[in-house]
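Each remark here refers to the structure printed beneath this line.
In listed order, ligands and their atoms are each counted from 1. In this chain, numbering begins with 1 at the start of the sequence shown.
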Amino acid sequence: MATTDIGKEEKKRVEIYDLEENLAIDLAKFTANLSDKFCKERGAFTVVVSGGSLIKSLRKLVESPYVDSIDWARWHFFWVDERVVPKNHDDSNYKLAYDSFLSKVPIPPGNVYAINESLSAEAAADDYETCLKHLVKTNILRVSESTGFPKFDLMLLGMGPDGHVASLFPGHGLCNESKKWVVSISDSPKPPSERITFTFPVINSSAHVALVVCGSGKAEAVQAALKKTGNVPPAGSVSAEDELVWFLDKPASSKL
Ligand SMILES: O=C(O)[C@H](O)[C@@H](O)[C@H](O)[C@H](O)COP(=O)(O)O
């Protein structure tokens, strides 16, 4: 593994792995350490995941030693974006996370915050934002003192080959949303078109963010996001209040 300093901000670092297997092992250690810290400090750990290949990269967490040592009862589990499809649909990010992660760990079902997919995308986004506001009131979710947006303990994000994160796509007006916490999109260039997504102010108010990116097809977007070359894609706007870590495999880092 190589660590590269790619920014002026001390809290941002890039980890590059020869093998995706080693990336997955380190991602599990990173997540387990934060879980331990937040469960002890505040009795809860708020974790957000994206869809896509990120979920596969979390596979080591559901194996020994982590599966037995993590305090799963204190986890609160969210999605940074979700497709507005039934929960048993193959496009559902809930189904993806459930099949390979949630079904293997004892997170209380009441701590798993899936969207209400019986609503329209717009209503589902409002409903999810209301749910987050309730969790702020009950002190499960913190609020950033500097931005006033919710401050998740850990956000685990993937990135598309065009440099999108969550359902925030290059050139889309939603990338500039500055007030809402959760918004709907009905013209997602990546199918399915109807989705809900957290906004940048929410993503960037997180305590810790991991951006997990593998494969040569993403090397150019990684380069543009990190080196700020050409048209900087949405991934280049991701930040965190405490720590942002890019987890890259060799092919994804090949243009750095
Ligand atoms: O639901 C989604 O579509 C996502 O949350 C999306 O932001 C995803 O994380 C990236 O498109 C990367 O996906 P891959 O890792 O599968 O390329």
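- Under 4.0 angstrom from ligand 1, there are no non-hydrogen atoms of L157.
- Electrostatic pairing of E20 and R59 counts as a salt bridge here, judged by a charged N lying under 4.0 Å from a carboxylate O.
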Would you list the atom pairs, donor with acceptor, under 3.5 Å between side chains in residues 196-203 and any protein atom, with sequence neighbours excluded?
| from | atom 1 | to | atom 2 | distance (Å) |
| --- | --- | --- | --- | --- |
| T197 | OG1 | S167 | N | 3.1 |
| T199 | OG1 | K180 | O | 2.8 |
| T199 | OG1 | W181 | O | 3.4 |

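- Distances from atom 8 (C) of ligand 1 to the heavy atoms of R195, M159, K190 show the closest one on K190.
- If you look at A166 next to ligand 1, the close heavy atoms, those under 4.0 Å, all belong to the backbone.
- In terms of the side chain to side chain contact (heavy atoms under 4.5 Å, CB included) criterion, residue partners of Y98 (sequence neighbours excluded) are, by chain and number, Y94, L102, S103.
- At the shortest separation from atom 10 (C) of ligand 1 among protein heavy atoms lies H164 NE2, 3.4 Å.
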>> With salt bridge (charged side-chain N to carboxylate O under 4.0 Å, His left out) as the criterion, how do R83 and E117 come out once you've worked through the C-alpha distance, each side chain's angles and the decisive distance to 0.1 Å?
In response: CA-CA 9 Å; R83 297 94 181 266; E117 82 281 7; over 6 Å; no

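- Of the protein's non-hydrogen atoms, R83 NH2, 2.9 Å is the one closest to atom 3 (O) of ligand 1.
- Protein heavy atom closest to atom 5 (O) of ligand 1, with residue, atom name and distance, is D81 OD1, 2.6 Å.
- If you check the side chains of T46 and D153, you find a donor sitting under 3.5 Å from an acceptor.
- Looking at S53, G51, G160 and measuring to atom 16 (O) of ligand 1, the nearest heavy atom belongs to S53.
- Ranking the protein heavy atoms by distance from atom 17 (O) of ligand 1 puts K218 NZ, 2.6 Å first.
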